[in-house]
*Asks:* 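Mind having a look at this structure? Questions to follow.
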Amino acid sequence: MRWTLRFRPLSGGEHLLPLPQTLPGQEVGELALSHRPLEAFEARGNLLARFALEEGETLEVRFRLKTAPLRSSPPWREALLEEPPEAWPGILAHRGHRVERALGFLFTGRPHAWYLVDGTPLDPLLFQALRENPALLLPLGVAPDPRLYLGGHEGRRLLLLKAPWPGEDPPFWEELKALGLDPLSPARALAFLSLGASALGLATGPWPYLPYLALLALRQGPALKDLLKRSPRHALESLLFHAFALSVTTNPRPELGLGYLALFFWNRLRPSS
C-alpha cells in the first residue's frame, strides 16, 4: 500500500525531519521526495533529512509500506501489569533498561507516540485505551488484546523516529494519508445518503447500503469476531447499529435503534475495566 507524509512549516528556513525506513514490523520501499534534501544521514537508528523550505510550502514524501504485527513476551511484562501504565517507562528505566520514545502514526492518520524498551515496543496509551474500549481500533480492522502492547503492537502503524526519553518533541510530519481512493469512503457516503432518503420517506430499499456493509465485513469481520469473544457488548453495539440502519431502508424497527443507543451509552459510561 502507498502512503504520503506531509509537512508545512510555520516559518521559512531549514527543517530536519525523519524519513520512513525499513524496521522490525515495517518494510518501506519506493521512497520519493517532493523536494531535494540539503543532506540525509543516519543518527541513533533514524534516517534523517534536512530541507530548506519557505513558510507554508508543502513537503511530501511518498512511499510503499508493508507492515506486520509485532509480538513478544519480555521478562518485565508481568511485573508491569501490577503498576499504573503511566509509570511504566520510569519503572523500566530505573531497573536499567534503555527506554526511548517512538514517534510515528497510526493508520488512522493521527500522530502517535509509544516507547521502545531495549528495542521492544511498549504502548501504555493504547493498553489503557483498549481496556476501557476494546472496539477502539475496529476501524483499522483489528481488535487486539491490550496485553499485546506490553512487548508488541497491532501492525497498523508507522515508526518514524526514535528519540531520547525523557526529552522534548522534535519537529515532525503533520499527517499521514493513504494514496488512492479507498472504496469504503464512497460506499459509506452512498449508504448514509440512502438512510437520509429513507428517513424522509423515499423508498430506497437495502441495496445502496449493502455495498458498504459488504466492504465493512471484509475489512472488520475477523476483528469483530475477536471482539465478540473478548467483549460481546462492544461487538453487539456495532451489529445493532447496522441492523437498525438496514431496517430503516426497508421496515423501520425502533427497538433496534433503542437497543443500539442503550448499548452506546452503557459502553461509554461503564468501561470494560
Side-chain angles (χ1 to χ4, degrees), residues 1 25 67-73 77-78 80-81 85 106-110 112 114 121-157 178 182-185 187-192 194-195 198 206-273:
M1 190 170 182
T67 60
L70 292 180
R71 293 181 175 86
S72 65
S73 299
R77 181 176 183 176
E78 297 302 323
L80 288 186
L81 290 172
L106 292 176
F107 282 2
T108 56
R110 300 183 61 180
H112 186 65
W114 63 104
L122 173 68
D123 197 331
L125 183 63
L126 276 184
F127 172 85
Q128 186 63 33
L130 283 169
R131 289 184 67 187
E132 296 174 359
N133 179 13
L136 181 68
L137 297 183
L138 200 57
L140 294 181
V142 292
D145 186 327
R147 291 166 60 95
L148 170 68
Y149 294 98
L150 288 96
H153 63 65
E154 74 298 313
R156 299 291 195 276
R157 64 179 64 195
D182 181 358
L184 192 62
S185 297
R188 182 189 295 113
L190 177 63
F192 283 91
S194 73
L195 288 181
S198 297
W207 307 112
Y209 198 87
L210 291 178
Y212 173 55
L213 205 56
L215 287 171
L216 271 186
L218 287 173
R219 188 167 300 186
Q220 299 181 8
L224 192 61
K225 183 178 178 181
D226 292 339
L227 183 61
L228 192 61
K229 298 175 183 176
R230 188 170 298 114
S231 181
R233 61 187 172 97
H234 284 88
L236 190 58
E237 177 189 326
S238 176
L239 295 173
L240 276 175
F241 172 82
H242 294 294
F244 174 65
L246 271 178
S247 80
V248 169
T249 65
T250 53
N251 181 27
R253 300 285 299 275
E255 65 273 17
L256 292 175
L258 291 173
Y260 163 72
L261 285 176
L263 262 183
F264 178 88
F265 287 111
W266 178 264
N267 287 339
R268 281 146 188 83
L269 294 173
R270 295 288 301 271
S272 292
S273 59

*Asks:* Identify the two heavy atoms, one from Ala217 and one from Pro222, that lie closest to each other, and give their separation to 0.1 Å.
*Replies:*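 Distance-wise, the nearest heavy atoms are O-CD, 4.2 Å.
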*Asks:* Any side-chain heavy-atom pair from Phe127 and Leu81 closer than 4.5 angstrom?
*Replies:*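 Side-chain contact under 4.5 Å: yes.
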*Asks:* I'd like to know if the side chain of Thr67 reaches the main chain of Gly155, judged simply by a donor and an acceptor atom lying under 3.5 Å from each other, with no hydrogens or angles considered.
*Replies:*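 Answer holds: yes.
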*Asks:* To the nearest 0.5 Å, what is the distance between CD on Glu237 and CZ on Phe265?
*Replies:*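 One finds 10.0 Å between CD of Glu237 and CZ of Phe265.
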*Asks:* Could you report the tightest heavy-atom contact between Arg156 and Glu154, atom names first, then the distance?
*Replies:*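 For Arg156 and Glu154, the tightest heavy-atom pair comes out as N-OE2, 3.1 Å.
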*Asks:* Any side-chain heavy-atom pair from Leu210 and Leu246 closer than 4.5 angstrom?
*Replies:*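 Side chain of Leu210 against side chain of Leu246, heavy atoms only: contact under 4.5 Å found.
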*Asks:* If the condition is side chain to side chain contact (heavy atoms under 4.5 Å, CB included), which residues does Leu184 pass it with, not counting sequence neighbours?
*Replies:*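 By the side chain to side chain contact (heavy atoms under 4.5 Å, CB included) rule, Leu184 matches Asp182, Arg188, Tyr212, Leu215, Leu216, Arg219.
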*Asks:* Mark yes or no for whether Arg253, through its side chain, and Ser247, through its backbone, hold a donor-acceptor pair below 3.5 Å.
*Replies:*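 Between the backbone of Ser247 and the side chain of Arg253 there is no qualifying donor-acceptor contact (under 3.5 Å).
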*Asks:* Of all the heavy-atom pairs spanning Leu122 and Leu150, show the shortest one and how long it is.
*Replies:*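 Reported closest heavy-atom pair: CD1-CA, 4.0 Å.
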*Asks:* In Å, rounded to the nearest 0.5 Å, how long is the span from CG of Leu258 to CG of Leu263?
*Replies:*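 Reported value, rounded in 0.5 Å steps: 11.5 Å.
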*Asks:* Please check this pair: side chain of Ser198 against backbone of Ser194, looking for a donor-acceptor N/O pair closer than 3.5 Å.
*Replies:*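 Flag set: sc Ser198 to bb Ser194 pair under 3.5 Å.
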*Asks:* Could you check if a side-chain atom of His112 sits within less than 4.5 angstrom of a side-chain atom of Leu125, using non-hydrogen atoms only?
*Replies:*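 In short, these two side chains touch, coming nearer than 4.5 Å.
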*Asks:* Working to the nearest 0.5 angstrom, can you tell me the gap between Glu255 CD and Leu240 CG?
*Replies:*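 Those atoms lie 10.5 Å apart.
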*Asks:* Are Leu148 and Leu126 close enough that some pair of their side-chain heavy atoms sits under 4.5 Å apart?
*Replies:*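 Not in contact.
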*Asks:* Mind checking whether Tyr209 and His242 have parallel, tilted or perpendicular rings, split at 30° and 60°?
*Replies:*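 Taking His242 first and then Tyr209, their aromatic rings sit tilted (interplane angle of 30° to 60°).
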*Asks:* Using every non-hydrogen atom in the two residues, find where Ala223 and Ala143 come nearest and quote the distance to one decimal.
*Replies:*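 Minimum heavy-atom contact is O-CB, 3.5 Å.
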*Asks:* Between OH of Tyr260 and CG of Leu256, what distance do you get to the nearest 0.5 Å?
*Replies:*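 CG of Leu256 is found 13.0 Å from OH of Tyr260.
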*Asks:* Might you point out which heavy atoms bring Pro144 and Leu130 nearest each other, and give the distance in Å?
*Replies:*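 Nearest pair, atom of Pro144 first, then Leu130: CG-CD1, 3.8 Å.
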*Asks:* If you round to the nearest 0.5 Å, how far is CZ of Arg131 from CZ of Arg147?
*Replies:*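 One gets 10.0 Å once the value is rounded to the nearest 0.5 Å.
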*Asks:* Taking the side chain as everything from C-beta on, heavy atoms only, tell me whether Gln128 gets closer than 4.5 Å to Glu132.
*Replies:*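 The answer is yes, as the side chains (C-beta and beyond) meet within the 4.5 Å cut-off.
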*Asks:* Taking C-beta and beyond as the side chain, do Asn267 and Asn133 meet within less than 4.5 Å on heavy atoms?
*Replies:*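 No; the side chains remain at least 4.5 Å from each other.
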*Asks:* Is there a donor-acceptor pair closer than 3.5 Å between any side-chain N or O of Ser238 and the backbone N or O of Ala235?
*Replies:*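 Side chain of Ser238 to backbone of Ala235: no pair is present.
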*Asks:* Measuring only between side-chain heavy atoms, which start at C-beta, is Thr249 closer than 4.5 Å to Pro208?
*Replies:*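 They are not in contact (no side-chain heavy atoms under 4.5 Å apart), so the answer is no.
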*Asks:* Working to the nearest 0.5 Å, report the span between CG of Leu106 and CG of Asp123.
*Replies:*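 It comes to 7.5 Å.
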*Asks:* Where do Pro254 and Phe244 come nearest, in terms of heavy atoms and distance?
*Replies:*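 Heavy atoms of Pro254 and Phe244 come nearest at CA-CE1, 4.4 Å.
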